[in-house]
Peer 1: 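Below you'll find the structure I mean.
Note that this is a predicted model, so its numbers are computed, not measured.
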4 protein chains.
Amino acid sequence: MGVQGKRVPRAVREQQMLDAAVATFARRGYRAASMDEIAEAAGVSKPLVYLYLNSKDELFTACIRREADALKAAVRAAVEPDAPADRQLWSGLLGFFEHTAAHPDGWTVLYSQARTVGEPFAAEVAVMRAEIVAFVTGLIAAAARDADCEAADQSLADREVAALAHALVGAAESLAGWNAGTTGPGRPSGKESAATLMNFAWSGLDNLMTGHRWTPSR
Amino acid sequence: MGVQGKRVPRAVREQQMLDAAVATFARRGYRAASMDEIAEAAGVSKPLVYLYLNSKDELFTACIRREADALKAAVRAAVEPDAPADRQLWSGLLGFFEHTAAHPDGWTVLYSQARTVGEPFAAEVAVMRAEIVAFVTGLIAAAARDADCEAADQSLADREVAALAHALVGAAESLAGWNAGTTGPGRPSGKESAATLMNFAWSGLDNLMTGHRWTPSR
Amino acid sequence: MGVQGKRVPRAVREQQMLDAAVATFARRGYRAASMDEIAEAAGVSKPLVYLYLNSKDELFTACIRREADALKAAVRAAVEPDAPADRQLWSGLLGFFEHTAAHPDGWTVLYSQARTVGEPFAAEVAVMRAEIVAFVTGLIAAAARDADCEAADQSLADREVAALAHALVGAAESLAGWNAGTTGPGRPSGKESAATLMNFAWSGLDNLMTGHRWTPSR
Amino acid sequence: MGVQGKRVPRAVREQQMLDAAVATFARRGYRAASMDEIAEAAGVSKPLVYLYLNSKDELFTACIRREADALKAAVRAAVEPDAPADRQLWSGLLGFFEHTAAHPDGWTVLYSQARTVGEPFAAEVAVMRAEIVAFVTGLIAAAARDADCEAADQSLADREVAALAHALVGAAESLAGWNAGTTGPGRPSGKESAATLMNFAWSGLDNLMTGHRWTPSR
DNA sequence: GATGAATGAGGATTCATTCAT
DNA sequence: AATGAATGAATCCTCATTCAT
């Protein structure tokens with residue numbers, strides 16, 4: 001069945017299987033993707049998939065882990081460690097959008113599929129998300145310190161910095177999700193998406209620093 | 001099997017079935033939800049579900065339509081038609097968050113499940129989303145006019161108002177999505193979520209009006 | 001549902017149901033025809049069909065009986081009792097072909113469906129067939145006596161007259177079956193079909209009378 | 001579950017499945033035969049039947065094709081190619097009756113079931129039948145030429161030779177059909193059935209050659 | 001390292017049939 | 001005389017998973 005040569009070393013075969021699985025899970029969803037389909041897409045027989053990855057659940061988990069690690073690595077590799085905080089945030093966002101654009105199936109599996117399938121998997125993604133939120137929170141806080149060293153009520157700001165980070169990550173996910181569903185010339189570039197969000201983050205930060213808010217009773 | 005009274009008129013039974021279906025689809029996802037489970041949750045036998053709703057696909061579609069209509073109606077009912085635009089936006093957001101908080105299963109079905117299952121269903125949700133984005137775009141544009149009547153470069157603003165509306169809706173969806181996954185005292189109230197987003201919208205609007213932007217080369 | 005007036009007397013309703021059932025069974029076969037379909041075709045609700053005809057089996061049996069009786073009656077009505085035997089056979093065949101042509105659904109139910117469904121029903125048709133074969137056997141025997149009064153070995157002829165009758169009936173059925181499957185100008189008229197079979201019967205009879213036979217060792 | 005050995009190669013298992021399917025379809029009809037029943041009769045599990053034959057429709061089609069091919073092959077193998085035409089017809093008929101007698105289930109599936117189920121299947125059988133009719137037409141025409149080389153009105157004869165062939169095939173089918181329904185000592189041998197039909201064919205041929213016919217107005 | 005053969009379990013869908021009105 | 005409401009019992013089909021080689 002496999003048109004390609006046989007006797008491929010295990011590590012390589014496993015990556016081929018994960019590639020096939022990610023693509024299939026992204027296109028069909030966890031339940032609708034069949035092990036048959038994945039095995040065929042990987043160019044191997046079904047028992048081999050089981051030999052290496054044990055079960056559909058473990059296969060899906062392996063996909064999630066691989067894609068989550070790759071995404072985190074891409075973001076981490078994108079930030080310049082010694083740059084000013086706003087520059088770090090900017091390059092991190094850029095890394096995020098460029099990676100998700102380059103690996104749309106991975107992003108779909110993480111964002112759309114894993115979170116809708118249910119418990120063992122959603123937790124996995126939640127952990128990754130928490131790490132990213134923490135990372136962004138740190139950057140925003142640093143940026144705030146850089147911008148205004150004599151901030152008065154730091155304790156209040158902490159809580160709101162976290163809210164801002166959450167909102168920023170949520171917005172980034174939403175943008176990436178809609179990007180993944182868009183093809184052709186209308187699709188925003190990573191730079192555009194990142195710039196949009198930097199503007200959000202910065203005006204949000206301004207609001208925080210100046211205590212300038214919209215209120216219903218205005 | 002059904003513990004409740006029998007011989008219920010069709011219209012009532014259909015709503016019971018849709019209630020059960022929305023809850024089940026939200027918890028399990030489209031594929032994993034079985035018609036057996038739904039019928040049992042509705043307190044009727046499976047053939048009756050088929051008699052009234054025809055197929056799993058049509059049942060799911062009926063759920064999507066009902067929840068989408070309910071959401072649109074809730075938002076529309078929340079806005080005060082003659083209030084100033086910012087007030088309208090605020091009350092619309094409030095209506096949105098209160099409805100999604102009150103009907104988390106409906107929101108999950110619309111936002112998480114329908115969009116990940118594939119084509120006949122995703123399109124249905126896309127239409128609803130487009131209507132909401134258009135509505136929000138109108139409100140933001142009106143608010144911008146109210147705030148600054150002599151705005152110079154309106155044509156540029158139009159394009160960016162639309163981007164802002166998209167981002168606002170995306171952020172609202174993301175927030176509602178994470179709210180739906182959160183229970184207990186940590187869960188933000190509808191008012192909090194709406195206020196957060198109004199601040200986003202307002203600072204975004206400020207950016208638009210003042211031409212004040214963050215750029216990487218800064 | 002029923003577009004026609006209500007409160008129809010039972011005897012009439014029953015015939016409407018049988019009409020609908022015969023048409024449906026002919027088109028779909030016994031198993032594939034659903035009681036729903038039949039009730040709808042009859043313009044009544046399903047419980048009414050059950051009220052009058054009790055079960056699908058009994059309904060099918062009633063169809064078979066009605067169509068078998070109608071066919072036998074048509075053949076009997078067609079023969080002129082006091083005519084010479086060959087003339088009687090001819091008019092009987094004509095009656096047979098004209099009736100089956102006028103009631104193709106009835107013929108299909110009897111010939112194609114009832115015999116392939118299995119036991120309670122096939123027996124019903126077998127009885128009808130036996131009656132017809134007996135009737136034809138009598139006519140052929142009479143015709144033979146008319147044609148040649150001093151026939152020598154009557155006992156041998158009896159066995160062969162029966163074989164001829166069987167073959168004639170089988171051929172008639174086969175012809176009617178293929179006629180029922182044919183529509184348009186290519187379809188043979190009842191007269192043509194009857195003439196074809198009379199020629200078969202007559203040459204078969206000749207063979208019997210003259211002892212003139214084809215044998216493999218010739 | 002299967003009492004026979006396991007790990008049978010695919011080609012063999014497929015034939016076992018077809019054997020079981022032909023027997024089951026013949027006894028119960030297409031609709032009433034369940035895949036469970038067929039799988040059990042084949043001594044395998046249902047999924048294996050689906051793995052090899054894909055669906056009930058395809059399984060039935062495969063049965064029809066196999067039985068049709070076997071029947072055509074049996075007839076072709078029976079005729080002696082260089083014998084006189086009447087001898088060829090005789091041996092073909094003999095082959096037909098012996099094959100249908102040896103494979104009554106196959107004949108039932110072809111003749112009774114496939115034709116009553118509906119369109120994709122009836123067409124398959126119609127093609128086979130057309131091939132057989134063409135073959136017989138050729139033999140009868142040849143026999144006619146052998147018997148009377150100076151036949152005057154060949155064009156008329158052509159049309160009637162075809163009619164005769166049709167009638168002969170119809171009669172053979174009818175005979176084989178009733179044979180298949182008969183068991184025990186009363187069942188005619190293949191030789192008897194073939195001889196009966198040769199006599200039909202020969203007297204029909206005589207009628208054609210001599211212009212000797214029965215007419216109602218006689 | 002790799003696969004052809006095989007299955008238990010479950011899911012969508014349909015159908016004959018009944019009951020309360 | 002007639003029907004809307006309701007269901008138990010199949011039936012077709014798919015899938016994750018294993019075993020022997």
Side-chain angles (χ1 to χ4, degrees), chain A residues 1-2 5-10 12-13 31-39 43-52 54-59, chain B residues 1-2 5-10 12-13 31-39 43-57 59, chain C residues 1-2 5-10 12-13 31-39 43-52 54-59, chain D residues 1-2 5-10 12-13 31-39 43-57 59:
Chain A
M1 203 150 273
K6 304 187 163 202
R7 302 279 143 177
V8 174
R10 171 162 184 157
V12 176
R13 270 273 192 266
R31 289 288 305 223
S34 81
M35 294 298 273
D36 268 300
E37 202 176 353
I38 293 169
V44 298
S45 73
K46 225 182 341 173
L48 196 57
V49 179
Y50 277 90
L51 187 61
Y52 286 177
N54 303 316
S55 76
K56 196 184 186 183
D57 271 32
E58 285 189 37
L59 172 57
Chain B
M1 211 148 267
K6 305 197 158 194
R7 296 282 137 174
V8 175
R10 172 166 183 155
V12 175
R13 267 279 192 268
R31 291 287 305 227
S34 84
M35 293 298 272
D36 268 301
E37 202 177 352
I38 292 170
V44 297
S45 72
K46 217 178 356 168
L48 198 58
V49 179
Y50 276 90
L51 187 61
Y52 287 173
L53 276 323
N54 302 319
S55 75
K56 198 181 184 182
D57 270 35
L59 172 57
Chain C
M1 205 150 274
K6 304 191 158 196
R7 302 279 141 175
V8 175
R10 171 161 184 156
V12 175
R13 269 277 191 262
R31 289 288 304 222
S34 80
M35 294 297 272
D36 267 300
E37 201 175 353
I38 292 169
V44 297
S45 72
K46 225 182 342 175
L48 196 58
V49 179
Y50 276 90
L51 186 62
Y52 286 176
N54 303 317
S55 77
K56 196 182 187 184
D57 271 32
E58 285 189 40
L59 172 57
Chain D
M1 211 150 265
K6 307 197 157 193
R7 298 281 136 176
V8 175
R10 172 167 183 154
V12 175
R13 264 282 140 78
R31 290 288 306 227
S34 85
M35 293 298 273
D36 268 302
E37 200 177 354
I38 292 170
V44 296
S45 70
K46 216 180 353 170
L48 198 58
V49 179
Y50 277 91
L51 188 62
Y52 287 173
L53 275 322
N54 302 319
S55 75
K56 197 181 185 184
D57 269 35
L59 173 57

Peer 1: Atom CZ of C:Arg31 to atom P of F:dA9: distance rounded to whole Å?
Peer 2: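 Answer to the nearest Å: 17 Å.
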
Peer 1: Does C:Ser34 reach a base, just sugar-phosphate, or nothing at all? Heavy atoms under 4.0 Å.
Peer 2: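 Answer is sugar-phosphate: C:Ser34 comes under 4.0 Å of backbone atoms only.
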
Peer 1: Which pair of non-hydrogen atoms, one from C:Ser45 and one from C:Ala39, has the smallest distance, and what is that distance?
Peer 2: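 Shortest heavy-atom contact: C-CB, 4.1 Å.
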
Peer 1: Check the distance between E:dT13's P and B:Ile38's CD1 and give it to me in whole angstrom.
Peer 2: 11 Å

Peer 1: How long is the span from the CD atom in A:Glu58 to the OH atom in A:Tyr52, to the nearest 0.5 Å?
Peer 2: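 Rounded to the nearest 0.5 Å, the CD-OH separation comes out at 15.5 Å.
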
Peer 1: Report the nucleotide, chosen from F:dA20, F:dA6, F:dT3, that has the shortest atom-to-atom distance to any side-chain atom of D:Arg7.
Peer 2: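 Selected nucleotide (nearest to the side chain): F:dA20.
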
Peer 1: In residues 47-54 of chain D, which residues come under 4.0 Å of DNA chain E by heavy atom?
Peer 2: D:Pro47, D:Leu48, D:Tyr52

Peer 1: Pairing of DNA chain F as dot-bracket, 5' to 3': ( ) intra-strand, [ ] crossing, | other strand, . unpaired, with Watson-Crick or G-U pairs under 3.5 Å?
Peer 2: .||||||||||||||||||||

Peer 1: Looking for any heavy atom pair under 4.0 Å, which part of the strands does D:Ala33 touch: base, sugar-phosphate only, or nothing?
Peer 2: sugar-phosphate

Peer 1: Kindly write out the residues that satisfy side chain to side chain contact (heavy atoms under 4.5 Å, CB included) with B:Lys56, not counting sequence neighbours, or none if the list is empty.
Peer 2: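 B:Lys56 satisfies side chain to side chain contact (heavy atoms under 4.5 Å, CB included) with B:Phe25, B:Tyr30, B:Met35 only.
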
Peer 1: D:Glu37 CD to F:dC13 C1': how many Å, rounded?
Peer 2: 17 Å

Peer 1: Is C:Arg10 touching bases, backbone alone, or none of the nucleic acid, heavy atoms closer than 4.0 Å?
Peer 2: nothing

Peer 1: Given atom CZ of A:Arg13 and atom P of E:dG1, what is their separation to the nearest angstrom?
Peer 2: 11 Å

Peer 1: Expressed as a whole number of angstroms, how long is the span from A:Asp57:CG to F:dA16:P?
Peer 2: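 Taking atom P of F:dA16 as the reference, CG of A:Asp57 is at 11 Å.
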
Peer 1: Could you tell me how far apart D:Leu59 (CG) and F:dC13 (C1') are, to the nearest whole angstrom?
Peer 2: 13 Å

Peer 1: Map A:Ser45 and B:Met35 onto DNA chain E by nearest heavy atom, then report which one ends up closer to the 5' terminus.
Peer 2: A:Ser45

Peer 1: Checking C:Asp36 now: which residues fulfil side chain to side chain contact (heavy atoms under 4.5 Å, CB included) with it, not counting sequence neighbours?
Peer 2: C:Ser34, C:Lys46

Peer 1: Tell me which of B:Asp36 and A:Lys46 sits closer to the 5' end of DNA chain E, going by the nucleotide each one is nearest to.
Peer 2: A:Lys46

Peer 1: How long is the straight-line distance from CG of B:Leu53 back to CZ of B:Arg13, given to the nearest 0.5 Å?
Peer 2: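 It is 13.0 Å, given to the nearest 0.5 Å.
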
